[in-house]
Amino acid sequence: MNTTNNPVTGELLTGAEILMKSLAAQGVETIFGYPGGSIMPVYDALYDYTRGEKKAFDHILVRHEQGATHAAQGYARVSGKVGTVIVTSGPGVTNTLTGIADAMIDSTPIVVIAGQVGTPVLGSDAFQEVDLITVAQPICKWVYQIRRPEDIPWAISKAYYLAQSGRPGPVVLDFPKNAQTDKAEYVEQTVNFVRSYIAYPQAKEEDIKAAAELINNAKKPLALVGQGVELGCAQEELKAFLEKANIPAGRTMLGLSALASNHPLNIGMLGMHGNLAPNLKQQEADVVIAIGMRFSDRVTGNLNTYLKQAKVIHLDIDNAEIDKNVKTDVAIVANCKESLPALTALVNEADHSEWIESFKPLAEREHNRVIEKAIHPTEGPLLMGEVVNAVAEATNGMGVTVTDVGQNQLFATRYSKYNTNRSIITSGGLGTMGYGLPAAIGATFAEKERPVCVFMGDGGLQMVIQELGTIMENKCPVKMVLMNNNFLGNVRQWQNMFFNKRYAFTHMMNPDYEKICTAYNIPYLRVVDRKELADAVQKMLDTKGPFFLETVIKEEDDVMPMTAPGASVSDMKLER
């Protein structure tokens, strides 16, 4: 570990005050949190740093600690910065564990600072004591207990360095109460190296050459684009590579905004409920270039039949992802912002127009049999697809799309448009219901110009409905689109398809959302008739501040196409 030390001021400060200075040194601007007994000294110090001459931070009081982590994730995903969370010990920090695990699997940089009982009573089952080190270790990049105030600047600097460098992820700091109140001199420190941690591995020249040779000899190359392109800020480098080599590209759910929806080489979304053409045609490709994606089971389907005909090139910053799920022929371990230009320099300008044209019949089949019916129905109840499409058209694909988890997520990701970077915020790997609303709150503190629209189902919303209080208090301009079908829709679909329509506890009774929104002083509108949909969406977007749009959706509508669990991607079906 290398650290850069500044001169000692000679002034003795409490650990809580040192924490404030250390956070300010990291450029932290927004903190999402919830106070409690074991973190009270920090909140007392925070009082001065959120107002007056010392003001350095905006603190957002959430209504539940899980909401704090998801809000920090939304903030991080849009801004590219580290999201910051401060909570208390015991139930306060255990409430954050879902968000920490979500951030870990989706590579989202957040730092969670949790109060802890004093070191003299650690291990005694003191009030609100939890062994956070043991609990958090498997689901974060680094967890550390700060026992002395003089260690705070180093620990904070290391935490933010680890959270945002290399493959990003969550870091957890356990902060005993006596370390918050004891005094020490503040010495600013900068950690920019950790022994045995290689944040940015350098691509090997022989691997670049081997990959370029495979690409130059390919007849049917295909790129699989993941979130790593966004995390590496390599969107322009990706376009340069694809355009020079004339390679079509499918995108993972988290990688949807890495390549604009209207780019001519974009051939759709990969995965269980992605588009038909990229899912089927990847089984014909002779060379597959995976860029910043991890070959999730929701993308690959049955691994025994996946890409057996293709040479696989995998570009990823994390060596642990290489050969984890899919055997690669050439691995390039580096930040794709560096590896893509190196590869682009060696690939030939090519013409794969015949290969690219071969995707179109499948795309047209899906459009005619699925998409057109989903976004432009002429009769019956409202459909999720047409609601999402109405918002996408009204925002011209320039908004930030946030989703919860379930059918709302699948329809929202399929039918939104992504014409600018960092425009999709969704829980990919963990699939966390309740993610959407607090993530959208966090996104509004990072994005001040574009509308932030969150699509939710009635199930996920009711898990975090208390965060409407956060929206009320902070006047967060979240555009909330509730697609209410009175079901846990995705589970119902699986029950329909695989469990003989035995709808075990998936039908939901809903509250009166208009009364709830009135209580929270949030403008509300309910749409049943599709003739009113476009005007309602426009009113939502034109309203300053938050808005809640409830759309009454067909109860039994399925997300198609679909690759059944355990099936080959070759067996993707357009209809049940």
Side-chain angles (χ1 to χ4, degrees), residues 1-5 22-23 25-28 72-73 75-77 79-85 100-113 136-144 151 153-173 188-205 207-208 211 225-238 254-255 258 290-295 314-324 328 331-343 421-422 429:
M1 176 195 66
N2 286 348
T3 62
T4 302
N5 297 341
S22 299
L23 291 174
Q26 292 301 315
V28 172
Q73 287 177 274
Y75 176 89
R77 293 272 282 273
S79 68
K81 301 176 182 178
V82 179
T84 302
V85 175
I100 293 168
D102 193 292
M104 185 66 175
I105 199 166
D106 280 354
S107 303
T108 306
I110 65 172
V111 171
V112 175
I113 301 167
Q137 192 166 19
I139 55 171
C140 66
K141 285 186 73 173
W142 184 54
V143 57
Y144 179 75
D151 295 334
W154 164 82
I156 290 295
S157 184
K158 183 175 178 179
Y160 281 81
Y161 170 67
L162 289 175
Q164 64 190 323
S165 63
R167 180 178 180 173
V171 170
V172 178
L173 295 176
E188 184 178 332
Q189 298 190 37
T190 302
V191 177
N192 52 28
F193 172 79
V194 175
R195 189 176 62 183
S196 78
Y197 172 66
I198 303 174
Y200 300 103
Q202 298 299 304
K204 297 178 181 177
E205 186 176 351
D207 294 335
I208 297 289
V225 176
Q227 187 193 196
V229 172
E230 296 252 63
L231 296 175
C233 301
Q235 297 91 344
E236 293 302 317
E237 289 79 4
L238 172 70
L254 293 185
I291 307 170
M293 55 90 72
R294 59 184 181 85
F295 287 113
H314 194 172
L315 284 67
D316 205 286
I317 199 169
D318 186 358
N319 188 59
E321 291 298 337
I322 306 300
D323 294 332
K324 185 177 78 175
T328 57
I332 301 174
V333 182
N335 186 344
C336 56
K337 191 170 183 67
E338 307 299 329
S339 58
L340 276 172
L343 188 57
N421 301 331
R422 294 188 177 273

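Below, each value reflects all heavy atoms present in this structure, side chains not excepted, and no hydrogens, waters or symmetry copies.
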Please table the atom pairs, donor to acceptor, closer than 3.5 Å between any side-chain atom in residues 103-113 and protein atoms at least two apart or in another chain.
unit_1 : atom_1 : unit_2 : atom_2 : d
D106   : OD1    : G429   : N      : 2.9
D106   : OD2    : G428   : N      : 2.8
S107   : OG     : R167   : NE     : 2.9

Residues in side-chain contact (heavy atoms from CB on, under 4.5 Å) contact with [X], at least two apart in sequence or another chain:
X	answer
S22	I18, I152, P153, I156, Y186
E338	N335
Y197	K141, Y161, L162, S165, V194, A199
K324	E321

Who are the side chain to side chain donor-acceptor pair (under 3.5 Å) partners of [X], not counting sequence neighbours?
X	result
K337	E237
D102	Q73, S427, T432
N319	none

Got a donor-acceptor contact below 3.5 angstrom from the R422 side chain to the E230 backbone?
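Answer holds: yes.
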Could you check whether any side-chain N or O of E205 sits under 3.5 Å from a backbone N or O of A203, counting only pairs where one atom can act as donor and the other as acceptor?
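Answer holds: no.
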Can you list the residues that meet the salt bridge (Lys or Arg N to Asp or Glu O under 4.0 Å) rule with D207, with sequence neighbours excluded?
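For D207 there are no salt bridge (Lys or Arg N to Asp or Glu O under 4.0 Å) partners, ignoring immediate neighbours.
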I317 vs C336 side-chain heavy atoms within contact, under 4.5 Å:
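Not touching, per the 4.5 Å side-chain cut-off.
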Is there a side-chain contact between P341 and E236, using heavy atoms and a 4.5 Å cut-off?
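In short, these two side chains do not touch, never coming nearer than 4.5 Å.
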To the nearest 0.5 Å, what is the distance between [atom1] ([X]) and [atom2] ([Y])?
X	Y	atom1	atom2	result
L340	L238	CG	CG	6.0 Å
D316	I291	CG	CD1	11.0 Å
W154	T190	CH2	OG1	14.0 Å
Y144	Q137	OH	CD	14.0 Å

Heavy-atom closest pair, residues [X] and [Y]:
X	Y	answer
V143	C140	CB-SG, 3.8 Å
S157	V191	OG-N, 2.7 Å
Y200	Q164	OH-O, 4.0 Å
A163	V171	N-CG2, 3.9 Å

If the condition is ring-ring contact (aromatic ring centres under 6.0 Å, His included), which residues does F295 pass it with, not counting sequence neighbours?
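With sequence neighbours excluded, F295 shows a ring-ring contact (aromatic ring centres under 6.0 Å, His included) to H314, given in chain and number order.
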Steps toward side-chain contact (heavy atoms from CB on, under 4.5 Å) verdict (L254, R77)
CA-CA 10 Å; L254 293 185; R77 293 272 282 273; 3.2 Å; yes
